Amino acid sequence: MTTTLIVIVALVIYVAVYFLYGKRIATNVAKLNPMTKTPAHRLYDGVDYVPSKWPVVFGHHFASIAGAGPIVGPIQGITWGWGAAILWIWFGNAFIGAVHDFMALVASIRYDGRSIQWVAGEVMKPRVSVIFGIFVYIAMILIIASFTNVVMNTFVGVPSVAMASILFIVIAVIIGYLLYWKKQSLVAMTVLGLVMLVAAIWFSLSNPLAAEASVWRWVLLIYIILAAALPVTILLQPRDYLNAYLLIAFLAIGGVAFLIINAPLSWPAFTHFDAVLIGGKNSPFWPTVPLVIACGSLSGFHAIVGSGTTSKMLNNEMDALRIGYGAMLTEGFLASIVIASLGAFGLQVAQKTAADVGAAGWVVLGIPQFAQAYAMGANQAFGMSLSFGTTFASLVVCAFALTSLDTTCRLGRFAWQDFWGRIVNPAGQSGGGYKFLTNKWIASIIAGGLGVYMATTGGIFSAIWAAFGAANQMLAAVALMTACVFSTKILRGGQKCWLTLIPAFFLWITVFSAMIWYVMTMSGSASPLTMGFMFVLIVLAVILLIEAISALRSGPGK
């Protein structure tokens with residue numbers, strides 16, 4: 001197997017799935033209607049509900065769902081072998097992840113841009129929204145913790161990336177101001193933003209910004225609180241939009257590079273079913289693979305993004321397919337590029353041999369090793385310098401980890417507000433206590449503070465990442481169940497929607513088994529807080545499964 005073959009097969013799979021599978025679901029299941037007014041138009045408020053051109057919304061959505069997940073996950077997952085990792089990426093992305101993302105977005109659009117947990121309370125029972133909301137909130141905290149570690153450690157290890165990332169935030173604010181307040185051309189602002197971004201990368205190479213991890217922890221906390229509470233047009237949307245071009249450039253350079261060089265994959269296709277991975281423990285490929293490889297294959301976080309921010313910005317229902325479905329397939333291609341780069345150069349940058357990942361299946365790879373592997377491919381194909389290529393690849397990881405952080409904190413705010421909106425009597429919602437708890441700044445501070453605190457107390461990184469993976473993938477299973485109930489009872493008049501039902505229950509069984517393995521194995525590797533979260537999530541997962549089955553048996557209608 002070579003890098004060229006991986007790139008070609010990935011492209012063929014994703015193009016075919018989009019046109020043959022995605023469009024069928026959009027027409028026969030979702031029944032998209034271009035004449036229906038979206039929530040962004042009906043409920044416009046200039047803060048969250050803002051109708052936007054589809055490339056801008058795609059940029060926000062793609063940047064938010066991609067994050068560092070489709071990079072960090074495959075970096076760890078290749079421990080089982082490049083073949084094992086990429087099969088899970090292709091299978092999960094095509095038949096579970098893309099369907100999940102698209103249907104969650106559609107369900108939110110049909111319910112005024114409400115969160116997927118709110119929709120669950122509408123199509124099942126009101127109490128489901130509260131239970132689902134608790135599940136979502138814990139998942140958001142774990143995501144913030146995981147990506148805080150990713151960004152913080154990268155900033156400390158590669159100071160030039162820290163400088164480039166801060167300049168990127170400043171550039172996003174400038175572009176947002178010119179685009180939305182000064183009403184400048186989108187094309188002109190895109191060109192200006194990209195030119196400034198390239199200049200920032202070059203500047204950062206000779207002007208790194210070094211600081212201790214404790215300093216970056218506070219900087220990240222302040223940043224995500226601001227990004228979560230401010231209007232989307234000030235920071236979140238322009239930054240995500242420019243981020244999308246950064247990632248597209250990353251994909252284009254990597255895709256073409258690994259297509260051209262046709263390098264053989266020196267990393268083993270399969271190392272060991274029980275490879276040493278999560279928390280330094282022997283981790284069976286099934287059922288634990290979804291705890292490691294999440295976003296590149298499937299991710300419940302995407303349902304929260306789609307129903308939390310994206311559905312409030314969609315200009316036309318027909319845009320849902322290219323944004324909800326297309327962005328997920330694009331993310332799968334990103335994960336494929338990561339596997340190709342590590343498969344070809346991973347052993348070289350790790351200074352190991354194939355024998356080192358044989359029976360033991362244990363080679364420590366991280367973002368620096370991946371960035372070097374990517375740079376080697378770009379160097380061979382285009383002559384890009386290794387220093388620039390490494391900084392560029394590291395910046396991509398950090399830029400999208402930051403995007404996941406700020407979007408997740410905002411979604412944590414939404415989940416917190418939804419939760420209190422459900423359990424507080426509407427007649428008492430004018431009270432001071434309710435207003436204080438649901439204040440956007442208070443809600444953002446609570447979510448951001450808990451996540452950043454857990455980042456420094458959660459235990460071994462691979463254990464925290466796996467806990468995030470468990471919450472994230474069970475969230476996907478529950479979101480798919482909600483989409484299944486929605487499509488069965490609301491869209492199809494009681495007729496089962498097997499395209500959502502089968503992947504939902506397959507995923508629930510797989511992730512639930514992995515969660516049981518986690519709590520039985522991770523003692524000493526994960527913190528008590530992390531283990532406590534896992535126990536709560538297991539109980540909630542069972543309750544939500546029972547509620548979904550009950551709703552499916554109850555017949556059509558609400």
Side-chain angles (χ1 to χ4, degrees), residues 6 9-11 13-14 16-18 21-22 62 64-104 139 143 146 247 251 270 277-278 283-306 324-343 370 400 404 465-466 468-480 483 499-500 502-515:
I6 282 187
V9 172
L11 285 172
I13 288 174
Y14 292 136
V17 165
Y18 182 85
Y21 202 59
F62 185 32
S64 297
I65 67 168
I71 299 175
V72 177
I75 288 173
Q76 297 184 68
I78 203 173
T79 302
W80 284 298
W82 68 260
I86 207 161
L87 284 178
W88 176 252
I89 289 168
W90 287 345
F91 170 80
N93 194 275
F95 298 107
I96 306 177
V99 176
H100 161 275
D101 289 21
F102 173 64
M103 288 305 299
I143 292 171
S146 296
L247 185 51
L251 284 173
F270 182 76
L277 181 54
I278 301 173
S283 309
F285 180 75
W286 193 94
T288 67
V289 62
L291 306 193
V292 177
I293 303 177
C295 299
S297 179
L298 55 106
S299 170
F301 173 66
H302 298 185
I304 310 305
V305 172
Y325 205 90
M328 183 59 202
L329 297 182
T330 308
E331 185 179 286
F333 184 67
L334 167 60
S336 301
I337 294 298
V338 175
I339 294 296
S341 63
L342 291 175
F370 159 70
F400 288 92
S404 292
W465 183 266
F468 143 67
N472 188 33
Q473 303 300 62
M474 183 55 77
L475 183 58
V478 175
L480 259 176
L499 294 178
T500 52
I502 292 174
F505 284 91
F506 166 77
L507 187 59
W508 191 95
I509 292 169
T510 298
V511 180
F512 187 79
S513 301
M515 292 171 80

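Below, all heavy atoms of this structure are taken into account, side chains as well, without hydrogens, waters or symmetry copies. It should be emphasised that the depicted structure is a prediction, and the values quoted were computed from it without experimental measurement.
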Hey, can you tell me if F102 and Y325 have their rings parallel, tilted or perpendicular (30° and 60° cut-offs)?
->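 Ring orientation of F102 relative to Y325: perpendicular.
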
Report the distance from atom [atom1] of [X] to atom [atom2] of [Y], rounding to the nearest 0.5 Å.
{"X": "D101", "Y": "F301", "atom1": "CG", "atom2": "CZ", "answer": "11.0 Å"}
{"X": "I75", "Y": "L342", "atom1": "CD1", "atom2": "CG", "answer": "6.0 Å"}
{"X": "W90", "Y": "F333", "atom1": "CH2", "atom2": "CZ", "answer": "10.5 Å"}
{"X": "L329", "Y": "L334", "atom1": "CG", "atom2": "CG", "answer": "12.5 Å"}
{"X": "L247", "Y": "F62", "atom1": "CG", "atom2": "CZ", "answer": "4.0 Å"}
{"X": "L507", "Y": "L480", "atom1": "CG", "atom2": "CG", "answer": "7.0 Å"}

Could you pull out the closest heavy-atom pair between [X] and [Y], with the gap in Å?
{"X": "A340", "Y": "I6", "value": "CB-CG2, 4.2 Å"}
{"X": "F512", "Y": "M474", "value": "N-CE, 3.5 Å"}
{"X": "S513", "Y": "W286", "value": "OG-CH2, 4.0 Å"}
{"X": "P70", "Y": "V338", "value": "O-CG2, 3.7 Å"}
{"X": "A476", "Y": "H100", "value": "O-CD2, 3.3 Å"}
{"X": "A335", "Y": "I89", "value": "CB-CD1, 3.8 Å"}

Hey, does [Y] have a side-chain heavy atom less than 4.5 Å from the side chain of [X]?
{"X": "L298", "Y": "Q473", "answer": "yes"}
{"X": "W88", "Y": "F285", "answer": "yes"}
{"X": "S299", "Y": "I65", "answer": "no"}
{"X": "I502", "Y": "F95", "answer": "no"}
{"X": "L499", "Y": "Y21", "answer": "yes"}
{"X": "P74", "Y": "W82", "answer": "no"}
{"X": "S336", "Y": "Y14", "answer": "yes"}

Between F468 and W465, does the ring centroid distance fall short of 6.0 Å?
->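 F468 vs W465: aromatic centres under 6.0 Å.
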
Does any donor atom in the side chain of W80 or S283 lie under 3.5 Å from an acceptor atom in the other side chain?
->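 Distance-only check fails for W80 and S283.
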
Full working for side-chain hydrogen bond (donor to acceptor under 3.5 Å, both in side chains) between S297 and N93 | CA-CA 4 Å; S297 179; N93 194 275; over 6 Å; no

